[in-house]
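Each ligand, and each atom within it, is numbered from 1 in the order the structure gives.
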Amino acid sequence: VFQEVPQAPPDAIFNLTNQYKADKDPKKINIGVGAFRTDELKPYVLPVVKKAEAILFNDETLDHEYQPIAGQKSYTNAAVKLILGKDSPAIAENRYAGVQTISGTGANHTGALFLSLFYNKSKKCYISNPTWANHRNIFSLVGFEVENYAYWNPETRGLDYEGLIQSMRDAPEGSIYVLHACAHNPTGVDPTREQWKGIAKVMREKNLFPFFDCAYQGFASGDLDNDAWAVRYFVEQGFELFVCQSFAKNFGLYGERAGNLTIVTKSSEEAQRVLSQFEKLQRSEISNPPAFGSRIVDIVLNDAALYKEWTENLQYMSTRIIEMRKALYNNLIQLGTPGTWNHITDQIGMFSFTGLKASQVKVLKEKYHIYMTENGRVSMAGVSTTNVDYLAKAIDDVVRN
Ligand code: LMR
């Protein structure tokens, strides 16, 4: 039965974590996976999450019954409000739906699966070049023809805006565009507001479908509303769209898989029909979403004091990352490392797209026990005051040799 099954390649990101764990060298550094670490390089349990856990454990009315198929309304509505904003026209006009998903990956998958069944305008889906390692897999597995759109300009180490717009002009009418709502992964380069307006204009002209992926709300500008600006602008402009939300990074709930798919439609009645199909899909895939992580998010998002505390916890995480960007930049400048490095501090979110080549990344791993993705992406959350010197010296060496 299984004779013909070929070996699949290991996952580009999680395989690095495995290699890092197996490495016995005390100087090893994991700057592969996008997971926040404290300056002591320990996982961070948000204090507000601990408070919500205490509330949960002391709540004697709670049980372990099945959740509703699309998740608790208190959770999905709070997630929708978080991304669309409390004054969103889509919320006021009741033309939205929310589905609890298995974190951001599940939101991408469920959204893609729905489109593969009900979206007839195009079979083409465009993802940025480069993008998160999982986008291509997710969309091609449900039958889309996945193409790249221009995004990163290696010369300016910034956004290739003209290339992006041109790709939208050249794409078949109605194609799906996967857009990073903020803190682009892996480049850390987002369009400006003016550029977003230009993108929306071409998408409108070409009837392209905006499929937003939002895994880092709170990490781009440190402000949850600012980070949702692009999505909110598209909604104001009257687009129908999907937004995938992950609470892995901004709540530090990596293992609990708490996510949401926000759907904006033209009418309330459409939203109901669309939701009914999502419930049908969800039933066949996971039946009911998991309760623990989503209950924590639900408690925090629906309590003004806890919400405020959450924004402070988020501030701590985003500030530490910004400090590490400065530290790495300063170290490279002090070493006189050939090249320009200001992109490290200019880029935003959890990642820095260093411009290091795959051959240099390989030496960093083999000689220095530093683990990062082949495309030269550094997860800044894995950099600390104790390892930044070593990291900068290692980068200096591979750049010079
Ligand atoms: C990353 O890009 O490192 C994270 O989003 C983890 C993942 O799921 O790939």
Side-chain angles (χ1 to χ4, degrees), residues 8-21 28-37 41 43-44 46 83 101-112 127-141 146 148 151-152 178-190 211-220 227 243-261 290 293 314 317-318 320-321 324-325 347-354 356 358 361 364-365 370-383 391:
D11 181 78
I13 291 173
F14 286 100
N15 190 43
L16 278 177
T17 305
N18 294 339
Q19 291 177 338
Y20 168 81
K21 282 184 178 159
K28 66 181 180 175
I29 301 180
N30 188 3
I31 43 175
V33 69
F36 185 81
R37 297 284 175 263
L41 298 172
Y44 178 57
L46 277 65
I83 188 69
T101 56
I102 304 294
S103 204
T105 306
N108 273 276
H109 166 70
T110 312
I127 57 176
S128 63
N129 182 22
T131 192
W132 176 46
N134 219 5
H135 278 146
R136 178 173 291 277
N137 269 344
I138 291 173
F139 281 88
S140 54
L141 269 176
V146 182
N148 285 329
Y151 195 84
W152 170 254
V178 178
L179 303 166
H180 297 230
C182 66
H184 183 269
N185 176 6
T187 66
V189 172
D190 286 352
F211 190 107
F212 279 100
D213 191 0
C214 186
Y216 295 90
Q217 191 178 359
F219 279 94
D227 287 1
V243 194
C244 304
Q245 288 165 275
S246 162
F247 296 116
K249 332 279 176 176
N250 53 17
F251 271 87
L253 293 171
Y254 298 92
E256 284 70 17
R257 317 308 291 143
N260 184 65
L261 181 73
L314 263 172
M317 292 195 280
S318 53
R320 199 186 90 67
I321 292 173
M324 288 307 107
R325 288 185 184 281
Q347 292 166 355
I348 54 169
M350 211 177 250
F351 303 110
S352 180
F353 207 53
T354 57
L356 291 171
V361 170
L364 284 174
K365 179 158 85 177
I370 294 171
Y371 293 82
M372 61 194 275
T373 51
E374 226 183 17
N375 57 11
R377 183 190 84 166
V378 167
S379 173
M380 292 306 304
V383 183
L391 174 62

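Counting heavy atoms under 4.0 Å from ligand 1, residue T105 does not touch it at all. Contacts of M350 with ligand 1, taken as heavy-atom pairs under 4.0 Å, are absent altogether. Here Y216 has side-chain heavy atoms under 4.0 Å from ligand 1, and that is the only part of it that gets that close.
Looking only at side-chain heavy atoms (C-beta outward), H109 and T101 stay at 4.5 Å or farther from each other. Side-chain contact between F211 and C244 is present, with heavy atoms from C-beta onward closer than 4.5 Å.
Numbered from 1 in the order shown, with element, the atoms of ligand 1 that lie under 4.0 Å from a heavy atom of R377 read 1 (C), 2 (O), 3 (O). The atoms of ligand 1 that sit less than 4.0 Å from any heavy atom of V33 are 3 (O), 6 (C). Using a 4.0 Å cut-off to heavy atoms of I13, the atoms of ligand 1 that qualify are 1 (C), 2 (O), 3 (O), 9 (O). Interface of G34 with ligand 1, defined as ligand atoms under 4.0 Å from a residue heavy atom, comprises 1 (C), 3 (O).
For the pair D190 (side chain) and C182 (backbone), a donor-acceptor distance under 3.5 Å is absent.
Ligand 1 has N185 within reach: a non-hydrogen atom of the residue lies less than 4.0 Å from it.
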(message) Pair T131, H180 - check side chain to side chain donor-acceptor pair (under 3.5 Å), show working.
(response) CA-CA 9 Å; T131 192; H180 297 230; 2.8 Å; yes
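Note: I13 CD1 to N15 CG = 11.0 Å, rounded to the nearest 0.5 Å.
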N/O donor-acceptor pairs under 3.5 Å from side chains in residues 252-260, not counting sequence neighbours:
| from | atom 1 | to | atom 2 | distance (Å) |
| --- | --- | --- | --- | --- |
| Y254 | OH | F36 | N | 2.8 |
| R257 | NH1 | Y254 | O | 3.0 |
| N260 | OD1 | V99 | N | 3.4 |
| N260 | ND2 | Q245 | OE1 | 3.0 |
| N260 | ND2 | T262 | OG1 | 3.0 |

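With respect to atom 6 (C) of ligand 1, the closest heavy atom belonging to the protein is K249 NZ, 3.7 Å. Closest to atom 9 (O) of ligand 1 among all protein heavy atoms lies W132 NE1, 2.8 Å.
For Y20, the side chain to side chain contact (heavy atoms under 4.5 Å, CB included) criterion is met by K28, N30, Y371, not counting sequence neighbours.
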